[in-house]
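The block underneath contains the structure these notes are about, expressed in structure tokens.
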Amino acid sequence: MKIGCPKEIKPQEFRVGMTPNAAMEAVAHGHTVLIETGAGVGAGFADADYVAAGATIIATAADVFAQADMIVKVKEPQAGERKMLREGQLLFTYLHLAPDPDQTRDLLASGCTAIAYETVTDRSGGLPLLAPMSEVAGRLAPQVGAWTLQKANGGRGVLMGGVPGVGPARALVIGGGVVGTHAAKIAAGMGADVTVLDRSLPRLRYLDDVFGGQFKTGYSSAGLLAELLPQADMVVGAVLIPGAAAPKLISRAQLGMMKPGAVLVDVAIDQGGCFETSRATTHQDPIYEVDGIMHYCVANMPGAVARTSTLALGNATMPFMLALADKGWKRACAEDAHLLAGMNVHAGQLTYAAVGEALGIATVDPKTLVA
Ligand SMILES: NC(=O)c1ccc[n+]([C@@H]2O[C@H](COP(=O)([O-])OP(=O)(O)OC[C@H]3O[C@@H](n4cnc5c(N)ncnc54)[C@H](O)[C@@H]3O)[C@@H](O)[C@H]2O)c1
């Protein structure tokens with residue numbers, strides 16, 4: 001199969017869909033890998049790295065799209081890219097179609113088969129191609145929060161780990177899933193006094209079993225939050241209710257019970273944010289202040305560490321990419337229900353029920369396509 005990887009064109013996107021290692025694996029499986037020139041530069045991979053891996057460098061995105069049987073990307077195809085997709089072509093990337101009727105319409109019109117990273121599942125009910133980005137964002141959250149806590153950035157001037165004789169910062173992590181667990185691990189590793197709140201007792205039991213010595217756990221309730229907020233130097237918002245907007249767990253009025261210069265890091269901002277005063281920010285202008293409380297609400301946090309994020313995403317996508325290339329989408333999806341769960345569009349039909357419900361478009365059960 002010819003696998004094409006164009007340079008990402010969404011503003012501020014520095015990741016790339018294929019690492020040189022992924023290209024090398026695909027070439028070893030007998031495939032041809034076509035990389036648009038400069039595609040990997042933002043993540044620290046030169047064209048020469050891809051050439052050394054056995055890939056071919058292509059001058060333009062148009063040529064990559066024209067020649068490839070499968071396009072492997074990171075972000076959803078932008079309008080210009082969607083025009084280059086064609087019938088029978090396979091697209092493997094993040095799509096997030098539910099809030100995006102224009103993209104959905106264009107993908108349906110193209111006739112391509114589109115498999116979305118974010119809906120591929122795994123045996124434990126998780127989302128294996130979303131998890132690496134949650135791991136990155138979670139680990140980044142205390143890092144950016146610690147920076148925001150510095151006086152020059154508007155914070156209250158508290159060092160995460162304190163020093164001998166001076167106590168550490170108090171970090172509160174709301175939501176103990178992938179983001180929250182990684183945030184808590186790093187905050188605890190920086191020496192902060194960390195408490196993680198969640199609503200899932202099995203999750204709290206797991207966190208207590210595995211990390212009992214490193215951080216405390218609490219059952220997330222309005223009462224406990226009101227008790228802990230006045231003590232917190234940093235609050236990380238890491239909740240997710242699948243398929244729903246994030247619940248607003250801290251109101252504007254509650255900012256008044258926090259210490260001036262305390263920091264809110266709202267990782268859940270990509271689902272609307274879990275603090276009433278959150279609004280999405282960018283890496284160029286990441287923080288703002290409301291009522292004396294600093295907010296960090298960057299919606300694409302992994303972009304800050306494009307190289308780590310690219311490598312982490314590449315590790316997760318590689319087996320699926322190879323299965324699609326080796327077997328073609330039909331056999332690969334027939335043999336792996338978790339990959340089939342990723343199919344959102346096929347030959348002009350929408351194949352993902354939740355997207356259909358969100359956009360009011362009829363869907364076809366993808367199982368009927370591989371039967
Ligand atoms: N900003 C970014 O760049 C970025 C990057 C990755 C992920 N995210 C977002 O971070 C959020 C968390 O993702 P995740 O992968 O950790 O999800 P996850 O499903 O692994 O974890 C979410 C956790 O929130 C808990 N929860 C739900 N309601 C709660 C409540 N009221 N109080 C406390 N806990 C509650 C759930 O029980 C679950 O354990 C998502 O919105 C995700 O989209 C943002």
Side-chain angles (χ1 to χ4, degrees), residues 10 12-15 74-75 94 96 98-99 116-122 124-145 172-186 195-208 210-211 216-226 228-229 235-251 254 264-276 278-283 286-287 295-306 308-309 312-313 316:
K10 190 163 181 176
Q12 298 308 316
E13 181 54 67
F14 299 105
R15 290 172 291 176
V74 178
K75 296 306 281 187
Y94 287 119
H96 297 288
Y117 291 165
E118 70 274 8
T119 65
V120 172
T121 53
D122 66 18
S124 57
L127 302 168
L129 304 188
L130 265 190
M133 294 306 99
S134 288
E135 291 166 356
V136 170
R139 289 187 175 213
L140 202 51
Q143 186 174 317
V144 296
L172 181 61
V173 179
I174 312 178
V178 181
V179 168
T181 304
H182 284 268
K185 272 167 73 168
I186 295 299
T195 301
V196 180
L197 306 184
D198 205 291
R199 290 223 132 162
S200 156
L201 280 177
R203 189 66 194 170
L204 289 173
R205 285 192 190 103
Y206 166 83
L207 293 173
D208 184 70
V210 177
F211 301 105
K216 292 161 266 184
T217 57
Y219 186 79
S220 181
S221 66
L224 182 58
L225 203 55
L228 296 177
L229 272 184
V235 181
V236 176
V239 301
L240 177 66
I241 298 176
K248 303 288 181 226
L249 299 177
I250 299 180
S251 66
Q254 284 175 305
L264 300 180
V265 180
D266 199 343
V267 185
I269 189 68
D270 62 340
Q271 298 292 329
C274 58
F275 311 133
E276 186 187 353
S278 296
R279 60 171 167 80
T281 59
T282 61
H283 292 294
I287 57 176
H295 292 57
Y296 175 101
C297 304
V298 172
N300 64 331
M301 290 174 69
V305 287
T308 301
S309 300
L313 181 61

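Atoms within a ligand are numbered from 1 in the order they appear, just like the ligands themselves.
Closest protein heavy atom to atom 44 (C) of ligand 1: V267 O, 3.0 Å. The single protein non-hydrogen atom nearest to atom 5 (C) of ligand 1 is A137 CB, 3.4 Å, given as residue, atom name and distance. Nearest protein neighbour of atom 21 (O) of ligand 1, counting heavy atoms only, is G177 CA, 3.2 Å. In terms of protein heavy-atom proximity, atom 28 (N) of ligand 1 is closest to I241 CG1, 4.0 Å. Atom 3 (O) of ligand 1 has as its closest protein heavy atom M301 N, 2.7 Å. Scanning all protein heavy atoms for the shortest distance to atom 8 (N) of ligand 1 gives D270 OD2, 3.5 Å. Atom 38 (C) of ligand 1 has as its closest protein heavy atom D198 OD2, 3.5 Å.
Contacts between L130 and ligand 1 below 4.0 angstrom, taking non-hydrogen atoms only, are absent altogether. The proximity of N300 to ligand 1, defined as any non-hydrogen pair under 4.0 Å, is limited to the backbone. With a 4.0 Å heavy-atom cut-off, ligand 1 is reached by the backbone of V239 and by its side chain too. Counting heavy atoms closer than 4.0 Å to ligand 1, residue A299 contributes backbone atoms (N, CA, C, O) but none from C-beta onward. Only the side chain of Q271 comes within contact range of ligand 1, with a heavy atom under 4.0 Å; no backbone atom does.
Using modelled atom types, no side-chain atom of D270 and backbone atom of A299 make a donor-acceptor pair closer than 3.5 Å. Remark: side-chain polar atoms of Y94 are paired, donor with acceptor, to backbone N or O of L129 under 3.5 angstrom. Within the 3.5 Å criterion, the main-chain N or O of L127 finds no donor-acceptor partner in the side chain of T121. Put simply, the side chain of R139 never gets that close to the backbone of H182: no donor and acceptor are under 3.5 Å apart. Under a 3.5 Å cut-off, the side chain of T217 and the backbone N or O of V196 do not form any donor-acceptor pair. Under the 3.5 Å distance criterion, the side-chain polar atoms of S309 are left unmatched by any main-chain donor or acceptor of G303. Looking only at distances, no side-chain donor or acceptor of S278 sits under 3.5 Å from a matching main-chain atom of G273.
Checked by distance only, ligand 1 and V178 come closer than 3.5 Å through their nitrogen or oxygen atoms. Of the N or O atoms in G180, none lie within a sub-3.5 Å distance of an N or O in ligand 1. Residue-to-ligand polar distances keep D266 apart from ligand 1: every N/O pair is separated by 3.5 Å or more.
The shortest distance between side-chain heavy atoms of Y219 and L204 falls below 4.5 Å. L240 places a side-chain heavy atom less than 4.5 Å from the side chain of Q271.
Which parts of ligand 1 touch A268 is read off a 4.0 Å heavy-atom cut-off, strictly below it: atoms 41 (O). The distance from ligand 1 to the heavy atoms of G175 drops below 4.0 Å at these ligand atoms: 24 (O), 33 (C), 34 (N). With ligand atoms numbered from 1 in the order given, ligand 1 contributes 6 (C), 7 (C), 13 (O), 14 (P), 15 (O) to contacts under 4.0 Å with heavy atoms of S134. The ligand atoms of ligand 1 that sit less than 4.0 angstrom from a heavy atom of P302 are 3 (O).
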| said: Test side chain to side chain contact (heavy atoms under 4.5 Å, CB included) on V235 and L228; report intermediate values, then the result. | reply: CA-CA 10 Å; V235 181; L228 296 177; over 6 Å; no
| said: Let's go through C274 and D266 carefully: what are the C-alpha distance in whole Å and the side-chain angles of both, what is the deciding distance for side chain to side chain contact (heavy atoms under 4.5 Å, CB included) to 0.1 Å, and is it a yes or a no? | reply: CA-CA 7 Å; C274 58; D266 199 343; 3.4 Å; yes
| query | After noting the C-alpha distance and the side-chain angles of L313 and M133, does the key distance pass the side chain to side chain contact (heavy atoms under 4.5 Å, CB included) rule? | reply | CA-CA 7 Å; L313 181 61; M133 294 306 99; 3.9 Å; yes
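Contact annotation: A238 has at least one heavy atom less than 4.0 Å from an atom of ligand 1. Note on ligand 1: T181 sits outside its first shell, no heavy atom being nearer than 4.0 Å.
Between A137 and M301, the shortest heavy-atom distance links the atoms O-CE, 3.5 Å. In this structure, L140 and A304 approach most closely via the heavy-atom pair CD2-CB, 4.1 Å.
Side-chain N/O atoms of S200 and D198 include no donor and acceptor closer than 3.5 Å.
The residue from K248, R203, E118, M133 that puts a heavy atom closest to atom 6 (C) of ligand 1 is M133. Closest heavy-atom approach to atom 32 (N) of ligand 1 among the candidates S220, C274, G273: S220. Here the shortest heavy-atom distance to atom 29 (C) of ligand 1, taken over E135, R199, H96, belongs to R199. Taking only non-hydrogen atoms, the option from V179, L249, L240, L127 nearest to atom 40 (C) of ligand 1 is L240.
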